[in-house]
Amino acid sequence: QVQLVESGGGLVQPGGSLRLSCAASGFSSEDYAIGWFRQAPGKEREGVSCFRIPDGISYYEDSMKVRFIISRDNAKNTVYLQMNSLKPEDTAVYYCAAAPFRVCSSRIRGTWVEYETWGQGTQVTVSS
């Protein structure tokens, strides 16, 4: 059974950093990608970044690429999202999700509908 478990959210002051984790289990192969998405109250779900497991290629939503870094620990089968210089507008529930690896491309916006397996989400609140 495929499962994704996020962790690492919390309350942080503006300008601070957080690292989110997405631990994956139950995959029969590595032909998948992990995407990070977020959803703020009253707003649409938006793409943040994605990581292709087979070749390690990553993509970012243009507005995220300067402050956010996606990476993977192969031994732990965990994908991380390092978030730096956080702003109040980054406040949202952050989700990781899995999809066939070709879904992960430079066209992140709107691709959340193609992701098949989702974690439970982790709350990130940026506030002083």
Side-chain angles (χ1 to χ4, degrees):
Q1 181 180 356
V2 172
Q3 189 175 18
L4 301 174
V5 178
E6 300 109 333
S7 60
L11 173 65
V12 63
Q13 292 187 342
S17 298
L18 279 177
R19 189 179 75 162
L20 305 183
S21 300
C22 176
S25 62
F27 288 87
S28 59
S29 72
E30 292 202 331
D31 292 337
Y32 65 95
I34 295 293
W36 282 101
F37 300 85
R38 68 185 187 184
Q39 189 164 19
K43 295 188 176 181
E44 292 186 356
R45 187 164 299 188
E46 64 175 337
V48 176
S49 180
C50 63
F51 187 99
R52 293 163 44 129
I53 302 300
D55 53 21
I57 294 175
S58 58
Y59 297 93
Y60 298 86
E61 177 64 32
D62 283 346
S63 62
M64 316 284 182
K65 63 176 58 176
V66 174
R67 298 183 294 119
F68 294 179
I69 302 170
I70 194 170
S71 63
R72 185 191 189 218
D73 183 326
N74 294 335
K76 296 182 179 180
N77 208 13
T78 298
V79 173
Y80 301 99
L81 183 68
Q82 177 70 40
M83 306 187 295
N84 302 316
S85 302
L86 285 163
K87 306 174 182 180
E89 50 264 43
D90 294 317
T91 295
V93 178
Y94 284 71
Y95 299 90
C96 67
F101 79 93
R102 289 183 177 84
V103 171
C104 175
S105 70
S106 58
R107 185 187 63 85
I108 293 178
R109 185 168 299 181
T111 61
W112 67 267
V113 296
E114 300 178 65
Y115 282 74
E116 301 166 345
T117 301
W118 290 79
Q120 80 282 4
T122 186
Q123 176 71 47
V124 171
T125 302
V126 185
S127 174
S128 55

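Model, not experiment: these values are computed from the prediction.
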Engineer: Check for me, please, whether Ile69 and Ile108 land in the same ILVMFWY cluster - side-chain distances under 4.5 Å, paths through other members count.
Structural biologist: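 Result: no, two separate clusters.
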
Engineer: How many angstroms lie between atom OG of Ser128 and atom CD of Gln13, to the nearest 0.5 angstrom?
Structural biologist: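 Ser128 atom OG to Gln13 atom CD measures 7.0 Å (nearest 0.5 Å).
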
Engineer: Quick one: do Arg109 and Glu46 make a salt bridge, cutoff under 4.0 Å?
Structural biologist: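 Salt bridge between Arg109 and Glu46, a charged N being under 4.0 Å from a carboxylate O: no.
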
Engineer: Any salt bridge (charged side-chain N to carboxylate O under 4.0 Å, His left out) involving residues 10-30? Give me the pairs, sequence neighbours left out, ordered by first then second residue.
Structural biologist: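 The answer is Glu30-Arg72.
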
Engineer: Tell me the closest heavy-atom pair linking Ala92 and Ala40, and the distance in Å.
Structural biologist: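 Between these two residues, the closest heavy atoms are CB-N, 3.8 Å.
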
Engineer: Do Asp90 and Arg67 meet the salt-bridge criterion of a basic N to acidic O distance under 4.0 Å?
Structural biologist: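 So Arg67 pairs with Asp90 through a salt bridge.
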
Engineer: Tell me whether Met83 is reachable from Met64 by hopping between hydrophobic residues (I, L, V, M, F, W, Y) whose side-chain heavy atoms are closer than 4.5 Å.
Structural biologist: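 Looking at the clustering, Met83 is in the same group as Met64.
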
Engineer: What's the spacing between Ser21 OG and Leu4 CG if we round to 0.5 Å?
Structural biologist: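 Rounded to the nearest 0.5 Å, the OG-CG separation comes out at 12.5 Å.
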
Engineer: Counting only N and O atoms by type, is there a donor-acceptor contact under 3.5 Å from the side chain of Thr91 to the main-chain atoms of Val126?
Structural biologist: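 Yes: the side chain of Thr91 pairs with the backbone of Val126.
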
Engineer: Test side-chain contact (heavy atoms from CB on, under 4.5 Å) on Asp31 and Ile53; report intermediate values, then the result.
Structural biologist: CA-CA 7 Å; Asp31 292 337; Ile53 302 300; over 6 Å; no

Engineer: What ring pair (Phe, Tyr, Trp, His ring centres under 6.0 Å) pairs are there with at least one residue in residues 50-78, not counting sequence neighbours?
Structural biologist: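 Sorted result for residues 50-78: empty, none.
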
Engineer: So which heavy atom on Cys50 is nearest to which on Ser105, and how close?
Structural biologist: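 In this case the closest contact between Cys50 and Ser105 is SG-N, 3.9 Å.
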
Engineer: Does Glu61 use its side chain to pair, donor to acceptor, with the backbone of Lys65 at less than 3.5 Å?
Structural biologist: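 Absent.
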
Engineer: Would you compute the distance between atom CG of Asp62 and atom OG of Ser106 and round it to the nearest 0.5 angstrom?
Structural biologist: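 Output value for this atom pair is 9.0 Å.
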
Engineer: Test Leu20 against Trp36 for side-chain contact (heavy atoms from CB on, under 4.5 Å), laying out the working first.
Structural biologist: CA-CA 10 Å; Leu20 305 183; Trp36 282 101; 3.6 Å; yes

Engineer: Is there a side-chain contact between Ser127 and Pro88 (heavy atoms, below 4.5 Å)?
Structural biologist: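 A side-chain contact is absent here, since even the closest heavy-atom pair is not under 4.5 Å.
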
Engineer: Is Arg52 salt-bridged to Asp55, going by a charged N under 4.0 Å from an acidic O?
Structural biologist: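 Yes.
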
Engineer: Output, in order, the C-alpha distance, side-chain angles, deciding distance and verdict of side-chain contact (heavy atoms from CB on, under 4.5 Å) for Ile70 and Val79.
Structural biologist: CA-CA 7 Å; Ile70 194 170; Val79 173; 3.7 Å; yes

Engineer: Please tell me whether Val12 and Val48 are part of a single hydrophobic cluster in this structure, the criterion being side-chain heavy atoms less than 4.5 Å apart.
Structural biologist: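 Same cluster.
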
Engineer: Can you name the closest pair of heavy atoms from Gly121 and Tyr95 and give their distance?
Structural biologist: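 Smallest interatomic distance, heavy atoms only, reads CA-CD2, 3.5 Å.
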
Engineer: Around atom CD of Glu44, are there more than 12 heavy atoms from other residues, nucleotides or ligands closer than 6.0 Å?
Structural biologist: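 Incorrect, the count does not exceed 12.
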
Engineer: Is Ser25 close to Gln3 at the side-chain level, that is, under 4.5 Å between some pair of heavy atoms?
Structural biologist: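 Counting from C-beta outward, Gln3 and Ser25 do come under 4.5 Å.
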
Engineer: Going from OG on Ser49 to OH on Tyr80, what distance comes out if it is rounded to the nearest 0.5 angstrom?
Structural biologist: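 Answer for the OG-OH pair, Ser49 versus Tyr80, is 15.5 Å.
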
Engineer: Could you tell me whether the side chain of Asn77 and the main chain of Ala24 form a donor-acceptor pair under 3.5 Å?
Structural biologist: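 At least one qualifying donor-acceptor pair exists.
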
Engineer: Using a strict cut-off of less than 4.0 Å between a Lys/Arg side-chain nitrogen and an Asp/Glu carboxylate oxygen, indicate whether Arg107 and Glu114 qualify as a salt bridge.
Structural biologist: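 Here Arg107 pairs with Glu114 in a salt bridge, since their nearest N and O are under 4.0 Å apart.
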
Engineer: For the atom pair CD1 (Ile34) and SG (Cys96), what is the distance rounded to the nearest 0.5 Å?
Structural biologist: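 Going from CD1 on Ile34 over to SG on Cys96, the span is 5.5 Å.
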
Engineer: For the CD atom of Glu6 and the CG atom of Leu81, what is their distance to the nearest 0.5 Å?
Structural biologist: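 Glu6 atom CD to Leu81 atom CG measures 11.0 Å (nearest 0.5 Å).
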
Engineer: Please walk me through it: do Ser17 and Asn84 pass side chain to side chain donor-acceptor pair (under 3.5 Å)?
Structural biologist: CA-CA 4 Å; Ser17 298; Asn84 302 316; 3.1 Å; yes

Engineer: When you group the ILVMFWY residues by side-chain heavy-atom contacts below 4.5 Å and let the links chain together, are Val124 and Leu11 in the same group?
Structural biologist: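 Different clusters.
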
Engineer: Taking only residues two or more places apart in sequence or in another chain, which ones pass ring pair (Phe, Tyr, Trp, His ring centres under 6.0 Å) with Tyr115?
Structural biologist: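 Partners of Tyr115 by the ring pair (Phe, Tyr, Trp, His ring centres under 6.0 Å) criterion, ordered by chain and then number, come out as Phe37.
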
